Every structure is written in structure tokens, then in C-alpha cells.
Amino acid sequence: MKKVYINSVASIAAQKTFDNTTFLEDVTHYTETVLPLIDPNYKEFIPPAAARRMAKGIKMGVVASRLALHEANLENVEAIITGTGMGCVRDSEKFVSAIIDNNEQYLTPTSFIQSTHNTVGGQIALGLNCKGYNFTYVHSSTSFESALLDAKLMLACDEAKTVLVGGVDELGDHTVKIHRLIKHIKQVPVNSAQLLESKTEGAVFAEGANFFVLANELQKTSYAEVVAVKTYNTTTSTVTQVVEQFIADNNLLINDVDAVVLGCNGDVTYDLPYDELQNQLFANIPQLYYKHLCGEFNTASSFGFWLGARVLKEQRVPVAVQLNAQTKKEYKNILLYNQYRGKDHSLTLLRKC
Amino acid sequence: MDALKQELKENIIEQLNLEDVSVDEIGDNDPLFGDGLGLDSIDALELIVMLDKDYGIKLTDPKEGKAIFESVEVMANYIAANRTK
């Protein structure tokens, strides 16, 4: 089995992360319940004729993938694997709204064509003229990890040398409205710098795209090794038991973990597993968090993956993501843990390379 | 007729999401497909729906669109002669 490396990273989020020359030195804090995106100039990457039919998620995915390929110094990849929880929800909303508003008449083709979950992966492939394996995973908050696991298996088995893998989710007005109604979005705006102190129900939502070129050949510029990925939709074990087993399965001791990246989102009801890890198992190592910067969405954990990869490459933790005062001289093994509303748990182990 | 042409240009830009095109840039006799605005077959379907929804004109044969959508001028003349709303 070959080792799998992260050879490039690209992020489009509520922070100016599309520029890899900076690393969260200058973060934007919001007092919102839904965060806005800091967009790159999409027109630099997508011809106007193609862009006019693309909703936000497609543009984000296409540009993030271009940035990742550019950094990896590649013109193409052998496979494109995308994770998305909601897919192209804006065009889905547009199409379904048109059915209702126009009494099932006058249905236009564009929003229907662009509304499927695999549109992002398809548009990336069309842009690259990539005829290789193209798969989209729609597994709620483990969508990105499902895509990552597929990519890791392909590369470990040497079925491909380079794979583009990413997570992307956009927000639509109706989706936001519904999530506000069922209180999955916080009812009162919270300052993102104090997200975890809000002690209220729900999360601060956002959208974003994080793409990576994974390969089974190490380069001088590689960010990290992807050691293991595991997902659980539900579990009867405690998070401590799950993490201990995952670490043991990878022939490590808890003390071998140099930092933990947590997906806590400030939801007083569902942040308890994160609190458990913070206060017990990983109380004495650096703890990082990120959803106060990028917001919550089904593939927000891909931002955590971006963060872990960058920390391992640069061997420093930006102040903006520090959850405690612990530091390490060397970051070798980083564990990522994410779950959403008590379900769809994922564990990802990254290693310095 | 000038008002109809203006309305058509605005609708075309909105329906087809021509972000970088303004009404002034679409000449009455510019070809909409090919070398002109560069519209394609999906746009033709969008325009067929627009004729039905906004002007009550049902094109039963999509091939008719080729002649009707030649330019804004031709479209406006066709709509003026056939509109039911």
C-alpha cells in the first residue's frame, strides 16, 4: 500500500483563504448568523460564457480546484472526487420554486441541468477535459471524508497517481429560511470571536469550497501525509472510546497526538463531545478550532483538513484558531474530529511528511 | 415596437444571465446565436419558455425558433404579430 500525501491546498471561505501566501494572520470577525463568503475574482478563472450558468457552489468548486492544480503544478489529474452535503441547492431551489410559482408550467432547463449534486465535479472535469474517474459523495457532514476515503484508497492501491478531492457547499435563501425556522441556525447573531461562549442552540451557517491534490508520490512541497480516515454516522460509544480505538488502530498512543483540530460550532446542545475531548483526553495538547472563521456547512470539515495540512507544513498554529494555551515545538501527528448535531462523526489523522 | 425591443433585450439579459452584456450592446439586428451574442441550444429553450410565459406564444416545433430568434428585430416582429398576452 502506498502512502498518500496532500500536495496542494485551496480554500474559498468566509476568510481570505484563497491566497496561500498568508495563513490566517488577518481574520475577519463577523456578528452574523450566516457568514458571507470572501470571493476570489471568479472571472479570472472562468470564461463569462461558462460562468453565466454557474451558481455559487459551482464557481467556488471550479476556482478552488484550479487553485489546487496550479499549486500542485499540474494541468490535470487522474480522478476528481467531490463531497457535498447539499449540492447545487440554489438551482434546486430555483427550479422547484418555478414549478410552484408557475403552476408547473414554463420550466426552464438551465436550473434543472445545474441542480444536481454532481454538477460541481462535472463542471470541474469539463473545464479540465478530465475523462477520468469522477465521483460525488453526498453523505451529509461526512461527505468530504467519504470523498477523502475514496481518494485515499485509490492512491494507496496505486489505481491513480494524482486525485483532486474537495468539499463544497453553497447556501440558498430557502435553505437558510428553513434552517432558521427549525433553529439549526442561531436565532441571535453572535460575534464569531465569542462563538463558543454563546451558549445558545444552533450554528452560524456559511458556504465554502476546499480542494486538494492528493498523490502517492511525496514532493518537497507536500503538506502532510493522510494516515487514516474513519467515519461513523452514529455510535453508541463515547467520543473518547471512539478516538482511543482510532488512535490504537493506527499504532499510536494518545500522547503521540501533537494537536487536535475540533469542529465545534458553538451549539450548546451538540458541542458536548468536543468539550469531552477538550477537557479530558486532549486537555494537555494544543487544541485548534475553525468554525468561528468558516462557519458551519456540511463540508466545513474540509476547512479543518486545510487547516491541519497547513499547520503541519508550516509548523505553526495561527493565533486565530488556538483554543487553549498549549503549544508544541514540533507538530508531527494531528487529529481532526468533526460531527454535526451529534451525528456523522469523522476522524482524520494527518502526519508531517 | 421600440418599447418591445427594449423589453426583449432586458428580458434576454435577465433570463440568460448575461452578466457582462448591457442593453445598449445588443443591436436590433445583431444575430443572437453564433457570431452575435453567442447563444446556444440551451438558451434557445430558455427563449421558447420566455415566449410562452411572457407573451403567450407556444412554439410547438423548436425548429421554428431558428428563424424567430435570428435577432431582436425579428423576435419583436414575431411577438407583435402572434402575442396573446
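Everything numeric in this text was worked out from a predicted model, so none of it was measured. Residue numbering restarts at 1 for every chain, and letters A, B, ... go by the order of the sequence lines.
Looking at A:I113, the atoms closer than 4.5 Å to chain B (heavy atoms on both sides) all sit in the side chain, from C-beta outward.
Remark: B:D52 CG to A:Q105 CD distance equals 7.5 Å, nearest 0.5 Å. Here A:T110 contributes atom OG1 and B:L45 contributes atom CG; the two are 8.5 Å apart, rounded to the nearest 0.5 Å. With rounding to the nearest 0.5 angstrom, the CZ atom of A:F112 is 12.0 Å from the CD1 atom of B:I42. One distance of note links OG1 of A:T108 with CD1 of B:I48; it measures 12.5 Å at 0.5 Å rounding.
For the pair B:N17 (side chain) and A:R53 (backbone), a donor-acceptor distance under 3.5 Å is absent.
No more than 12 heavy-atom neighbours from other residues, nucleotides or ligands sit within 6.0 angstrom of CG on A:D26. Atom CG of A:D173 has 12 or fewer neighbouring heavy atoms from other residues, nucleotides or ligands inside a 6.0 Å radius. For A:H179, the NE2 atom is densely surrounded, since the number of other residues' heavy atoms within 6.0 Å is greater than 12. When the shell of 6.0 Å around NZ of A:K94 is examined, it contains 12 or fewer heavy atoms from other residues, nucleotides or ligands. More than 12 heavy atoms of other residues, nucleotides or ligands shown are found within 6.0 angstrom of CD on A:E25. In this structure, A:H184 places its NE2 atom where more than 12 heavy-atom neighbours from other residues, nucleotides or ligands lie under 6.0 Å away.
In this structure, A:K59 pairs ionically with B:E19, as a charged nitrogen and a carboxylate oxygen lie closer than 4.0 Å.
What you find for A:Y106 and B:K85 is that their closest heavy atoms are OH-NZ, 3.6 Å.
Chain A forms the most heavy-atom pairs under 4.5 Å with one residue out of B:L39, B:L16, B:D43, and that residue is B:D43.
Among the residues in residues 34-51 of chain A, those with a non-hydrogen atom closer than 4.5 angstrom to a non-hydrogen atom of chain B are A:K43, A:P48.
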